[in-house]
Amino acid sequence: MIAIGCDQGGYELKQVIMKHLTERGLVYKDFGSFSTESVDYPEYAKKVAHAVADGECDRGILICGTGIGVSIVANKVKGIRAALCTDCFMAEATREHNDANVLALGGRVIGQGLAVKIVDTFLDTKFSNEERHVRRILMME
Ligand code: RB5
């Protein structure tokens, strides 16, 4: 199960991503927000981050205007490794090297086509499990 959340800056892109997840047959839980009305992004970032940290969901996707605010908030939750990605190389590398469990996107930064490809790369790339990467992740805790 994938946890997904946004603020008003990410609402439109979230609709596109949820449609894409459905087309792929992937199950998600939408933690809001549920309109383009102005809201406080920390509220939604915390909900998604805790759903992943607590094991309710395997991965998270967070979208705000820049992706920065939600990634800062998510990374304050123990066990969360949130990565703000603007291209597929970053999405692949953060899965292989950092075992990132939350993807942050900027709805006002990247186009919808690229965002969907980043989501697919993030979801489809496995952690390398190489000793040096495991060691570095353990050093984060
Ligand atoms: C909201 O205007 C904006 O600050 C938010 O979407 C995000 O970009 C914060 O980092």
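Read the numbers this way: they start at 1 and go in the same order the structure lists the ligands and their atoms. These numbers come from the heavy atoms of this one structure, side chains and all, not from hydrogens, waters or symmetry mates.
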Original post:
Taking a hydrophobic cluster as the set of Ile, Leu, Val, Met, Phe, Trp and Tyr residues connected by side-chain heavy atoms closer than 4.5 Å, whether directly or through intermediates, do I63 and Y44 fall within one such cluster?
Top reply: no
**OP:** Could you check H20 against D120 for side chain to side chain contact (heavy atoms under 4.5 Å, CB included), going step by step and ending with a plain yes or no?
**Re:** CA-CA 9 Å; H20 179 70; D120 282 344; 2.8 Å; yes
Original post:
Looking at F34, does the NZ or CZ of K14 lie under 6.0 angstrom from its six-membered ring centre and within 45 degrees of the ring axis?
Top reply: yes
Subject >> Rounded distance (nearest 0.5 Å) linking atom OH of Y41 with atom CG of D7 >> reply: 8.5 Å
Original post:
Transitively linked via ILVMFWY side-chain contacts under 4.5 Å: L26 with I4?
Top reply: yes
Original post:
What does the list of residues with a heavy atom under 4.0 Å from ligand 1 look like, ordered by chain and number?
Top reply: D7, Q8, Y41, C64, G65, T66, G69, R108
Original post:
So how far is it from S33 OG to K47 NZ, rounded to the nearest 0.5 Å?
Top reply: 9.5 Å
